[in-house]
Amino acid sequence: MMKSKADEEDYWNSSKFKAFTFDDEDDEFTRLKESKQAVNSIRSLVEEEDDEDDVEKVSWSGEPIGSKAKAGGFQSFSESLSDSSVRHYAPELRKPKSEYKDYISDWSPEETVQRMQQGKVFSLEKFRSLQDKLLLLDQAVRVHDGNVITAVLIYLKKSLSKEVLFRELESRQTALRHFIHYLTETKEQRLLMELFRALGRTEDMALLQYKEHLSITDENKRRDFLKSCISLPFSPEDAVHVQDHFTLLERQIIIEATDGQAESGGKVEIFQKFPRRASILNMPLITTLYYCCFYHYSETEGTYSSPANIRQTFRIAEKQFFVTALAARAKLKAWLDVDSLFSSRNWLGFSRRKSPLSFHRVVDVLQKNNAPVQVLQQYVGLVDDAELKISLAQKHKCHDIVINTYRDLKDRQLLLGYRGKVGRGSAEERKIDELLSNSQIRWKN
Amino acid sequence: MAAHLSYGRVNLNILREAARKELREFLDKCAGSKAIVWDEYLTGPFGLIAQYSLLKEHEVEKMFTLKGGRLPPADVKNIIFFVRPRLELMDIIAENVFSEDKMHSRDFHILFVPRRSMLCEQRLKEQGVLGSFTNIDEYILDLIPYDGDLLSMESESAFRECYLENDQTSLYHTAKGLMTLQALYGTIPQIYGKGECARHVANMMLRMKREFAGSQNQILPVFDTLLLLDRNVDLLTPLATQLTYEGLIDEIYGITNASETFFDNLTVEQEFMTGVDTDKVNTYIEDCIAQKDPLIKILRLVCMQSVCNNGLKQKVLDYYKREILQTYGYEHMLTLNNLEKTGLLKPQTSSRNNYPTIRKTLKLWMEDANEQNPNDISYVYSGYAPLSIRLTQVLARPGWRSIEEVLKMLPGPHFEERQQLPAGLHKKRQQGENRTTLVFFLGGVTYAEIAALRFLSQMEDSGMEYIIATTKLINGTSWIKSLMDRPESQTP
């Protein structure tokens, strides 16, 4: 087994060697030091009075040993040890006295931090007073080594009360950031929130708490959790969003239950024709709206699943609502409903000419839902921009529009050229021929 | 020897060789036959340093990918885990260790790349496996040579840490990486910088140099200048769609959109960059949201509009936010908050929009950009010159004093430092010999910016050659993704 500097630390830190670890709170290291000092002081006595029975001899563990032991080198003491856990000190103790400084004497914060950086053996336990601990922390921050800062913070977290630790971190931005990062990594949510609260970082705290909802899978529990978040100190805008989030999930749960029943009941036609492919739970708002425009379009404002109700409750923008309703009705090939969206009779107040969505986008949506040419043609015809209109008409084979446009432009060549694009013997072909032979039209070419 | 690394002025093979030597030394420490268990993310960077042949020379007989459960059987004496210092990987390692067959157990080792982590070792201890490892070491692979003129730390979280979490740990490692570079290539006599992070890195470098005082670096300096640039000095460039070949490949790979929408997107981007209608809700963006285009695409566009307008009008911002949350889910509130914190998507403050002035003074928008025969760096974005590269260009000639006013409009301090060279090491420049500048992007660099710098290097009368370094190679998508706050979900 090859030793490396890592080995040294592992040697001392590993669970196999329980007697001495650096984070060990019983601090056997200190006890060892004390007992060694005791032995040292005894040694001189014993050397002079060989047979003195009154001298109390102590073993490494600090307990008096029964028999009189001859003072000798440390080796003899270590050999007499039966406690296996303590025996592991022995190899180090065999070293000459001068090297003890490396292992036993007091290291300053600077020395300790340096040893930590170099991967050498170190002890944080000896930094007992608050002042010492803070000196250690400040030194760690000074050298910028993240691992060292984290190690010191772990020690402080264990050996200081929360209140004291938080108070001290408040004025130490770098250490504070490291601590936040540490708590985030180790997922200590509760402590992190207490920290934010203590620092007055209320919005951070609120957002952190809110984020927790992602790990709650049961929808009812999640809904209740979101409800509890509403009163948290969010910014005004965020508070509204959290409120909406709760309201949305609350409704989704109700809709899901009702629709689930209706579907399995087998009596509601739309669910039989278009079985639901996924649950509405936790879907975004617009997806929910689409669902309701699909399955609950005709419902009045009184129900949770009515699109009108959703639009109002969540203050959905005109355009968003329109495009969603359009897509849903187009999917169902409900062309009359689509038409109604533009009609001025519609309670939404849209007139045919004032669609909140540009007509070419309307055509786009309809085409994606496989609307027949007659339907597409209706809306292509409403596109204002002539060039765009023509290109859309050509793209979607709205022959009448193309023909009419070329006629209006009095462009014989274009019309002639288009003849080849319509079906042989079709009505469109006949129409083109009629126009071409119409002597009353003053063609420009 | 990697031929592609030594064609430039600076022979990055030296760096690569140093890295290979360290790797060899570690492998030899774990004497005997061995199998390496790889954190997949590392195979890319390592592939730039060493091929399997080197590993084989040091008795690596098998290689596996890190995953849970039991390790595959392999008749080797040692199992070495090559991993990033990430907590979740420690749990996997613990699983591997626990499932080891006690009868035929092998020696375990860990090599942390690019450095050890107290948190990770703590985790291993908590899992009860720390004592099972014979060697735990770190392989400080800070600056990886990707090409003859390109170095990257591939630190995916550097931007987020620095600009969102205010955690400058990665900058410490950047400084150390630069010290290593100087140890191999000589002390860099001149350091220029723009930005808070740049200042911080420079300070650390100067301090580290002081701490090693006494051991003077006798290597003849290869670099004349180091330029440190904060990413947030130019937030616009990574948001724009790159048009260079590599940039395009980097961006588009995996996207199935028709070329029509691609050009629509480009048009809108160009409108923003030239200041057209940046203060209103943009119809194209609205339409994209309405058809539920990928969220990241939306975020890039709204951030672009915000950056070009120095923040959005409150009404416009609220509108976009609402549309986004309603369409993609309220949980994305967290991401929107992050974007605001980093300054990418924010409300307009009372201060005026300086972007038009900056654009004009630095000539960021070049109408007659010719992509086939470019004569200016603006070809990389079809007429838009990356701000970061313009700054670099102006620094070389005529110098930053000529743009003091503009520099003040950009975030963070700008500064100049000089480092003492031992006597006799000052380079005597030959007639017509180029100067070499190392440009270090703190927070990420795009392929388009790299292309622009290479273009400058090749220009006949530039007198300058550029080597590029960064914390991470980014594109707009990966960059925004690193700021999103819902890592566990598949964000649409």
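Atoms considered below: every heavy atom in the structure, side chains included; atoms not considered: hydrogens, waters and symmetry mates. All chains are named by letter (A, B, ...) in the order of the sequence lines, taking the proteins before the strands, and each is independently numbered beginning at 1.
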Tell me if a side-chain donor or acceptor on A:Arg177 pairs with a main-chain N or O of B:Asp167 at a distance below 3.5 Å.
no

Test your reading of the model: is there a side-chain donor-acceptor pair from A:Asn147 to the backbone of B:Arg116, 3.5 Å cut-off?
yes

Begin with the C-alpha distance, continue with both residues' side-chain angles, and end with the deciding distance and a verdict on side chain to side chain contact (heavy atoms under 4.5 Å, CB included) for B:Gln168 and A:Thr174.
CA-CA 8 Å; B:Gln168 298 175 314; A:Thr174 306; over 6 Å; no

Let me know if [X] has heavy atoms under 4.5 Å from chain A in its side chain, its backbone, both or neither.
X        : answer
B:Arg207 : side chain
B:Glu88  : neither
B:Lys341 : side chain
B:Thr327 : both

Closest approach of A:Thr186 and B:Leu119, non-hydrogen atoms and distance?
CG2-CD2, 4.0 Å

Measure across A:Pro284 and B:Gln326 and return the closest heavy-atom pair with its distance rounded to 0.1 Å.
CB-O, 3.7 Å

Side chain from CB out, backbone as N, CA, C, O: work out which of these in [X] comes under 4.5 Å of a heavy atom of chain B, or both, or neither.
X        : result
A:Val152 : neither
A:Asp145 : both
A:Ile180 : neither
A:His245 : both
A:Glu185 : both
A:Phe234 : side chain

Rounded to the nearest 0.5 Å, what separation is found between the [atom1] atom of [X] and the [atom2] atom of [Y]?
X        : Y        : atom1 : atom2 : value
B:Asp287 : A:Leu357 : CG    : CG    : 6.5 Å
B:Met333 : A:Ser235 : CE    : OG    : 7.5 Å
B:Tyr330 : A:Tyr210 : OH    : OH    : 9.0 Å
A:Ile286 : B:Lys292 : CD1   : NZ    : 9.5 Å

When you compare the side chains of B:Gln122 and A:Thr150, does any donor N or O come within less than 3.5 Å of an acceptor on the partner?
no

Is it true that, when you exclude A:Glu212 itself, more than 12 heavy atoms of the residues, nucleotides or ligands shown sit nearer than 6.0 Å to its CD?
yes

Give a yes or no on this: more than 12 heavy atoms of other residues, nucleotides or ligands lie within 6.0 Å of atom NZ of A:Lys319.
yes

What option among A:Ile316, A:Asp364, A:Val365 has the most heavy-atom pairs under 4.5 Å with chain B?
A:Ile316

In residues 311-322 of chain B, which residues are in contact with chain A at a heavy-atom separation under 4.5 Å?
B:Asp318, B:Tyr319, B:Arg322

Apply side chain to side chain contact (heavy atoms under 4.5 Å, CB included) to the pair B:Thr169 and A:His178, showing each step before the final yes or no.
CA-CA 9 Å; B:Thr169 309; A:His178 272 270; 3.3 Å; yes

Stepwise side chain to side chain contact (heavy atoms under 4.5 Å, CB included) check, B:Glu331 with A:Lys211
CA-CA 8 Å; B:Glu331 62 273 17; A:Lys211 191 176 173 181; over 6 Å; no

Taking ring pair (Phe, Tyr, Trp, His ring centres under 6.0 Å) as the test, write out the residues that go with B:His200, two or more places apart.
A:His144

